> 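Once you've had a glance at the structure underneath, I'll fire off some questions.
Order of listing sets the numbers, starting from 1, for every ligand and every atom in it. Numbers here simply count residues along the sequence, with the first being 1. Computed from a predicted model, the values in this text were never measured in an experiment.
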Amino acid sequence: MSKAFFGLPEQVIFCKACVISNQRPSSTVEFKHVSGEAKATISFGEDGICDACRYNQLKQGSISWEERENELLAVLDRYRRTDGRYDVIVPGSGGKDSAFTAHVLKYKYGMNPLTVTWAPHKYTEIGWKNFENWMHVGGLDNILFTPNGRLHRHLTRLAFVNLLHPFQPFIVGQRIIGPAMARRFGVQLVMYGENQAEYGNKAQENFKPTMDRKFFSAGDPRSLVLGGVTIDDIIKEGTFKIADFAPYIPPSIEELDQGGVDVHYLGYYLKWDPQECYYYAVENTGFQANSERTEGTYSKYSSIDDRIDMFHYYTTLIKFGIGRATYDAAQEIRNEKITREEGVALVRKFDQEFPRKYFGEFLDYIGLSEAEFVATVDKFRSPHLWEKVDGEWRLRHQVS
Ligand SMILES: [Zn+2]
């Protein structure tokens, strides 16, 4: 049997309840990727059920959502201000999840949120409209942070070529912007939307409401790794200076301790359902779904604001055999929107679709030719997942 890349499990197993496989890295690990640590993947029980489904069983069963909401009220009361200043930072794009989070905090729970956005690589038209509506219709304040585009493109290219993970610099920026803005505005509470446990981190991670601070580094910023190389390596190329990296350098744990900044997930306190967030956002913040489905999946309303977003999921298909339809279907099966059989059919139909629509723009953005793109992608196809049949790449294992 051929050796698995990235420390992935050699034997591919699909969850008996949803459609995810044991090749899925946990989200925390995706971030650890930054510091080059080894990958860990989603855990499966002996019954063949994945941790995300196991968490979902708890979510539908033994967790008391009334108690959790009371915990939320206690937390909010601790941070609530009555002098007109902001009292909570909500990082997000104005997509359904952050739209819901910010809006309920303000209009249901009486908080005074400031929403902060790390700009997408390239806004889609519908994404920009939804972003504007978040403020214009939703009645919220926002700061849009757009990083130096020359540097961000360079980092995205490095992350694609070195890690086949073009979204890694974006994820770094997006995670830092909330706590960093909280420090800046003297706000002590940062509230993200859905809990990462929903997507297959260890189920026990959902038994605490706060985000792990491990990803904040207190060390020398020059040794931070972005796109698979250190900031120092990039500076040595001669184009960028340390000052260019300001938005990628996280506040240290000490700084956050000093400022008393706490990072929570609303998904710990409220029973999270992405479809319900969507309906809520349509109703309250003028959110609109796309007119056509996103390439690589069947859905029309999740993560639609970035023109290169589909290449994130295309790279997960290459590295882990898990494309966007798998993520979407797994989540919808857990929330009982579709059956597993329907999910399997959707995965087999859409998961391997190549994102044609913005391919040219993506190549242009990262400055690669089509041949370079293909050569890079093929380097990351693990032989335990992919085989070449009659000149065509084919997945060895598909969900059934
Ligand atoms: Zn599962």
> If you look only at distance, which donor and acceptor atoms sit under 3.5 Å apart when one is on a side chain in residues 278-290 and the other is two or more places apart or in another chain?
residue : atom : partner : partner atom : Å
Tyr280  : OH   : His103  : ND1          : 2.7
Asn284  : ND2  : Tyr280  : O            : 2.9
Thr285  : OG1  : Ala281  : O            : 3.1

> In terms of ring plane angle, is the pair Phe240 and Phe245 parallel, tilted or perpendicular, where the classes change at 30° and 60°?
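Because their plane-to-plane angle is over 60°, the rings of Phe240 and Phe245 count as perpendicular.
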> Parallel, tilted or perpendicular: which describes the rings of Phe311 and Phe362, with under 30° parallel and over 60° perpendicular?
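Phe311 and Phe362: parallel rings.
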> How many protein atoms of type N/O/S are positioned less than 2.8 Å from the Zn ion (ligand 1)?
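If we list every protein N, O or S atom nearer than 2.8 Å to the Zn ion (ligand 1), we get 4.
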> Using modelled atom types only, decide if a donor and an acceptor are shared between the side chain of Arg80 and the backbone of Tyr109 within a distance under 3.5 Å.
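Yes; judged by distance alone, with no hydrogens or angles, the pair exists.
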> Can you say whether the rings of Tyr269 and His264 are parallel (under 30°), tilted (30 to 60°) or perpendicular (over 60°)?
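If you compare the ring of Tyr269 with that of His264, the planes turn out parallel.
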> May I ask you to check whether over 12 heavy atoms, not counting those of Arg184, lie within 6.0 Å of atom CZ?
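No, not enclosed.
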